[in-house]
Novice: 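My questions will all concern the structure given below.
The structure presented is a predicted model; accordingly, all values stated were derived computationally and were not measured. Below, chain A is the first sequence line, B the second, and so on; all start at residue 1. Below, each value reflects all heavy atoms present in this structure, side chains not excepted, and no hydrogens, waters or symmetry copies.
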2 protein chains.
Amino acid sequence: MSGPVSNTAASALALLERDGASSVCPLRWEGGFLYLLDQRRLPEEEIWLSYTNASEVAGAIRSMVVRGAPAIGIAAAFGLVLEAYALQEAESAAFDELWMQAAGLLQAARPTAVNLMWAVRRMVNVFSLNKDMDSMDLPELLEKEAIAIWNEDVAANLLMGRMGASLCPAKVNFLTHCNAGALATGGYGTALGVVRACKQMGKTVHVFADETRPWLQGVRLTAWELMKDGIPVTVIVDSAAATLMRQGRVNAVIVGADRIAANGDVANKIGTYSLAVLAKAHNIPFYVAAPISTIDYNMDSGVHIPIEERAASELVSYTSFRPDIHNPVFDVTPNELVTAIITERGVLVPPFSHTIKAVLPPLSVQ
Amino acid sequence: MSGPVSNTAASALALLERDGASSVCPLRWEGGFLYLLDQRRLPEEEIWLSYTNASEVAGAIRSMVVRGAPAIGIAAAFGLVLEAYALQEAESAAFDELWMQAAGLLQAARPTAVNLMWAVRRMVNVFSLNKDMDSMDLPELLEKEAIAIWNEDVAANLLMGRMGASLCPAKVNFLTHCNAGALATGGYGTALGVVRACKQMGKTVHVFADETRPWLQGVRLTAWELMKDGIPVTVIVDSAAATLMRQGRVNAVIVGADRIAANGDVANKIGTYSLAVLAKAHNIPFYVAAPISTIDYNMDSGVHIPIEERAASELVSYTSFRPDIHNPVFDVTPNELVTAIITERGVLVPPFSHTIKAVLPPLSVQ
């Protein structure tokens, strides 16, 4: 994958700027600092926070300064770069042990998105293969790997965008959920990458964005980033999606994914399963756009995917009232409800247990 | 209907207090004033606002101080009582014209719930039949009618509760949407009346309450009033309902209605249609509990039911960000997705065009 992409941080942004692909990016790597756009404060304020070690980055992932499966993977990779430089500077005798602890911390920051584990595993691979080399060079190697992860993610999104867009009619009304956009990735987006590619291919595009309770990613992030790119977007409450489908106002549902099992079951933001059932009932295609790094080949089906439950306060932040609250933030959509999974290696169709196996990545990154 | 119910305001409350049916009531009629519990400020504060004329009551209905199809019908009836007393006191020469204007104003306060039109029509009937009598007695007659509307609503809810509960197993997990409870009616509730009756009949009851965006009636009102009555309730985001159904944690979906067409199509809070599709996909019964006053015999199907669109600010009150927003606050569930309609005259089952006709009320109140 990394062949055509040069190993510099600038290249990810250069890819995005080429023909004005997207104006939004959730992270910057500059002067030895990781900067994250604080997504808790969007759309009111564009605040960039800086990070200098893995523990801080893990905190940013937990508290959702950065969110979105691919984006938290990239952030975690840079967290491990920061940690390597920090340990090197401190001339720590326990470099290996402390760095591996940091990897464990980052990997455990959130449980559902497998891209986080995947990115950390890639970094650990580089670390393990090179830890006996001159330790002066190890942080630099890790930095190159993190930049490669970022570049590859953007390149994958651009590819997925084009392939996904080719599935869509010349005039297309999308319904999307949560934010699977530039802000959830290295840039450009997975589901919203397909939307952007439609626009770049000259199609007439409109997006209905579920507001996406409880964290409101749909209105706060998806509407915001699409408006930045001049793409028409209308926000609805999550429960209005069914009526739009019944009214014939939706041509395709398109979402991202936090983890895809080997059989094609898809874990994604709570509410995704609901949309998939509704799409099927209304004969509307249901597309999942996700890079290969989202596939968990070790998981036969979605049944065992850990579903994060977050604080009740996410639902009742506006009040002191505290009823009993159940707040699972992901759900699992069974493969039979998925029309196609759009990846950077092709559009996968049922039976997914076969087609997913066909894009199995090399063992080294498993 | 008014036969067994004595014509005093106290009797509605007495009905509710009999064996502790419910501890919540959204209105009071005392000393010539209408008092409404301000539902915009629940659950933080229990503020009672007082009203002295029809225009004020229409404003309360529009701004959702009082909401819920049966409750706004009752409030409108009392609004017309207040108007009659006020016009009488002012010795207005244009009593008839001004009172009828007030009736039009109240009827137009919100477009979807037919109970509002129905209650105003009942008041106009009394007015028309008696306007040539000694005008000193007319306000009192109107007051008796408004009290009868309230009493009948509570009596209907108690009847619906028992009939609906008889459909439910001894251990039942309900899923409900919005607030079809004591706060939405004269007291006790339609959908939540069935829940309360289950508890009173000794069944083991648990309620999953959709938070119900954008106005959050589920968490702010449903959870609050059920907790007051000691009924276990768990709040979820609207989009989590599908997953609970898939996990086998829901035995029945039960909702209220704002208008039911003659063929059984049901207009209710946005998101109801979504739940009906999901219930069918998971083989879960979908019940609608509503008094006969909710049926619009003049409407052949739900296609023509006017759907209110409310302000975009209801979705984005927490931010200055203003994307394009579509905010329809009701939807229509086609009759084929409805398992049964629970009314005070019996549990109606398909084909609804026949069973609904069988409970046709006397022409006088049509």
Side-chain angles (χ1 to χ4, degrees), chain A residues 42-44 177 208-214 216 219-220 222-224 226-227 232-246 249 269-278 280-282 307 312 314-321 323-334, chain B residues 42-44 177 208-214 216 219-220 222-224 226-227 232-246 249 269-278 280-282 307 312 314-321 323-334:
Chain A
L42 290 174
E44 289 83 4
H177 192 66
F208 288 105
D210 282 354
E211 64 170 357
T212 316
R213 288 285 295 157
L216 299 161
V219 55
R220 296 197 306 104
T222 292
W224 180 77
L226 290 178
M227 284 164 77
V233 56
T234 301
V235 174
I236 57 170
V237 294
D238 303 326
S239 75
T243 288
L244 290 184
M245 292 186 195
R246 185 159 181 244
R249 295 165 78 180
K269 180 60 50 205
I270 188 74
T272 302
Y273 168 60
S274 183
L275 290 180
V277 173
L278 293 166
K280 184 162 199 172
H282 295 87
I307 298 298
E314 287 193 346
L315 270 81
V316 283
S317 54
Y318 53 87
T319 175
S320 57
F321 181 55
D324 181 48
I325 284 173
H326 177 47
N327 183 26
V329 296
F330 299 98
D331 61 25
V332 175
T333 298
Chain B
L42 291 174
E44 290 82 4
H177 191 65
F208 288 106
D210 283 354
E211 64 170 356
T212 316
R213 288 284 294 157
L216 298 160
V219 55
R220 296 198 305 104
T222 291
W224 180 78
L226 290 178
M227 285 164 76
V233 56
T234 301
V235 174
I236 57 170
V237 294
D238 303 327
S239 75
T243 288
L244 290 184
M245 292 186 196
R246 186 161 180 241
R249 295 165 79 178
K269 181 58 50 207
I270 187 75
T272 302
Y273 168 60
S274 183
L275 290 180
V277 174
L278 294 166
K280 183 163 199 171
H282 295 88
I307 298 298
E314 286 193 345
L315 270 81
V316 284
S317 53
Y318 54 88
T319 173
S320 57
F321 181 55
D324 181 48
I325 284 174
H326 176 46
N327 183 26
V329 296
F330 299 97
D331 61 23
V332 176
T333 298

Novice: With a 4.5 angstrom heavy-atom cut-off, is it the side chain or the backbone of A/A223 that approaches chain B, or both, or neither?
Specialist: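 Both parts, heavy atoms under 4.5 Å.
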
Novice: So, for A/S274 and B/S274, which heavy atoms are closest and what is the spacing to 0.1 Å?
Specialist: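 What the structure gives for the nearest pair is OG-OG, 4.3 Å.
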
Novice: Using the salt bridge (Lys or Arg N to Asp or Glu O under 4.0 Å) criterion, which residues pair with A/E44? Sequence neighbours excluded.
Specialist: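 Scan of A/E44 (salt bridge (Lys or Arg N to Asp or Glu O under 4.0 Å), adjacent residues dropped) gives none.
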
Novice: Should A/Y318 and B/Y318 count as side-chain neighbours, where that means a heavy-atom distance under 4.5 Å?
Specialist: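 A side-chain contact is absent here, since even the closest heavy-atom pair is not under 4.5 Å.
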
Novice: Sort out for me which of A/T333, A/T234, A/D238 touches chain B most, counting heavy-atom pairs under 4.5 Å.
Specialist: A/T234

Novice: Any side-chain heavy-atom pair from B/D331 and A/R246 closer than 4.5 angstrom?
Specialist: no

Novice: Tell me, side chain or backbone of B/V329 under 4.5 Å from chain A's heavy atoms, or both, or neither?
Specialist: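 Neither; nothing under 4.5 Å.
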
Novice: What part of B/L244 gets closer than 4.5 Å to chain A, counting heavy atoms only: side chain, backbone, both or neither?
Specialist: side chain

Novice: Under a 4.5 Å heavy-atom cut-off, does chain A meet the side chain of B/A240, its backbone, both or neither?
Specialist: both

Novice: For the interface with chain B, which of A/K269, A/R249, A/K280, A/H177 has the highest count of heavy-atom pairs at distances below 4.5 Å?
Specialist: A/R249

Novice: Drop me the distance from A/R213's CZ to B/R213's CZ, to the nearest 0.5 angstrom.
Specialist: 5.5 Å

Novice: Name the region of B/P214, side chain, backbone, both or neither, that has any atom closer than 4.5 Å to a heavy atom of chain A.
Specialist: both

Novice: With the side chain counted from C-beta on, respond yes when A/I270 and B/V237 share a heavy-atom pair under 4.5 Å apart, and no when they do not.
Specialist: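 The answer is yes, as the side chains (C-beta and beyond) meet within the 4.5 Å cut-off.
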
Novice: Which heavy atom in A/L315 sits nearest to a heavy atom in B/V235, and how many Å separate them?
Specialist: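 Looking at all heavy atoms of both residues, the shortest contact is CD2-CG1, 4.1 Å.
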
Novice: Go through the structure and list residues passing salt bridge (Lys or Arg N to Asp or Glu O under 4.0 Å) with A/R220, not counting sequence neighbours.
Specialist: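 Here no residue qualifies.
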
Novice: Heavy atoms only, distances under 4.5 angstrom: which of B/T272, B/T319, B/V332, B/D210 has the most pairs with chain A? Name it, please.
Specialist: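 Max contact count across the listed options: B/T319.
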
Novice: With a 4.5 angstrom heavy-atom cut-off, is it the side chain or the backbone of B/L226 that approaches chain A, or both, or neither?
Specialist: neither

Novice: Any side-chain heavy atom of A/P323 within less than 4.5 Å of one from B/V219?
Specialist: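 Yes, close enough: below the 4.5 Å cut-off.
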
Novice: Considering only heavy atoms and a distance below 4.5 Å, find which of B/V316, B/L216, B/T212, B/N327 pairs most often with chain A.
Specialist: B/L216

